[in-house]
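For reference, the structure discussed in these notes is given below.
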Amino acid sequence: MMKKPHVPIIAIEEHYYDAELVKTFQGPEAAKGGPIDERLYDYGALRLKEMDEAGIDIQVLSHGAPATQKLSADVAAKVASGVNDRLAAIVKANPKRFAGFCALPTAVPEAAADELERCVKQLGMKGAMIHGTANGEFLDKQKYWPIFARAEELDVPIYLHPALPDPRVTEIYLADYIKDFPLVARPAWGFTVETATMAIRLVLSGLFEKHPKLKLILGHFGETLPFLLWRIDSALKRPGGKQVAFRDIFSKNFYLTTSGFFSNPALLCCVMEMGVDHILFAVDWPFVMDNKPGVAWMENVPLSDEDKAKILSGNAKKLLRM
Ligand code: MN
């Protein structure tokens with residue numbers, strides 16, 4: 001049998017840690033050590049070895065949560081620019097294997113917009129990643145819109161990544177289950193609720209009427225929203241509320257990744273709602289500790305080779321201009 005031509009694999013939600021930034025993390029978000037941290041702080045040998053073992057050609061690197069979203073306004077811009085300069089150096093050391101999403105000082109939105117522009121134009125970053133709320137505020141508040149305006153102008157996406165939900169939400173919804181199921185407040189459910197709420201609020205805010213070319217990325221197959229799109233859209237159209245083209249906006253302006261979610265039913269639901277051009281491959285390494293299962297799953301997904309190639313790298317090349 002003829003060997004299939006190699007399809008490059010670009011994984012776009014792959015994390016690292018910057019020691020200076022991690023020093024600012026507090027409480028449950030502080031670093032704990034262990035094999036995940038060992039990988040987060042590895043910018044070369046171990047990372048590349050595990051990419052090679054799985055056949056991943058390029059990682060688009062982003063910081064781990066909460067990145068720069070909990071910094072106060074007086075230090076955020078300075079800390080973020082240092083983080084981004086150091087990320088640019090990591091990418092520059094292995095430019096064929098790494099690309100980057102910058103971190104933004106969301107506490108100072110105008111400065112964050114300028115930092116996005118600097119990172120894209122001067123450091124070659126592919127966009128930005130924002131982790132959860134900005135010091136407790138959802139980003140649909142108009143004071144954050146300069147960041148989205150600049151992303152639209154630069155034609156780069158912003159990746160909305162989860163962070164720990166507001167402690168009040170966790171307390172009411174999940175606190176009594178955290179002892180036995182610590183991950184329920186994190187990827188098993190808490191992250192999903194937080195990030196889906198962020199996306200819903202952004203659509204309801206009118207942001208996309210003002211910035212129709214804005215591109216946002218959600219990980220984890222869109223944090224449940226593709227499955228719910230029809231219902232959200234139809235419920236919002238019932239009498240009594242303002243009209244919003246929820247399903248149209250979501251499926252046009254949002255892109256989804258496979259990060260930490262290697263499921264055929266979830267994939268097919270997303271393809272049906274969003275179209276294959278809006279789905280991009282990611283592992284979520286090293287929080288998903290092994291690259292191989294995600295790549296192996298993609299080999300056998302029930303899609304054509306052309307569609308698989310789009311998900312594995314074709315869509316990333318277009319969206320991130322790689
Ligand atoms: Mn992640």
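Since this is a predicted model, take the numbers as computed values, not measurements. Hydrogens, waters and symmetry mates are skipped; everything else that's a heavy atom, side chains included, is used. Note that ligands are numbered from 1 as they come in the structure, with each ligand's atoms numbered from 1 the same way.
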Report task. Output yes when a side-chain donor or acceptor of Asp166 lies under 3.5 Å from a complementary backbone atom of Gly136, and no otherwise. Result -> no

Query raised in the report: For the ring pair His278 and Tyr255, is the centre-to-centre distance below 6.0 Å?
Result: yes

Query - Residue list, side-chain contact (heavy atoms from CB on, under 4.5 Å) with Val301, at least two apart or on another chain - result: Asn264, Leu267, Trp297, Met298, Leu303, Lys308

Distance-only criterion, 3.5 Å: show the donor-acceptor pairs between side-chain atoms of residues 61-70 and protein atoms not counting sequence neighbours.
residue	atom	partner	partner atom	Å
Ser62	OG	His15	ND1	3.1
His63	NE2	Asp18	N	2.8
Thr68	OG1	Leu104	N	3.4
Thr68	OG1	Leu104	O	2.8
Gln69	OE1	His131	N	3.0
Gln69	NE2	Leu104	O	3.0
Gln69	NE2	Thr106	OG1	3.0
Lys70	NZ	Thr133	O	3.4

**Report entry** Pairs meeting criterion salt bridge (charged side-chain N to carboxylate O under 4.0 Å, His left out) with involvement of residues 282-294, two or more places apart
**Finding:** Asp290-Lys292

Requested in this report: State plainly whether the residues Asp233 and Arg247 are in salt-bridge range, i.e. N to O under 4.0 Å.
Outcome: no

Report task. Could you grab the protein N, O or S atoms closer than 2.8 Å to the Mn ion (ligand 1) for me? Result -> Glu13 OE2, His15 NE2, His161 NE2, Asp284 OD1

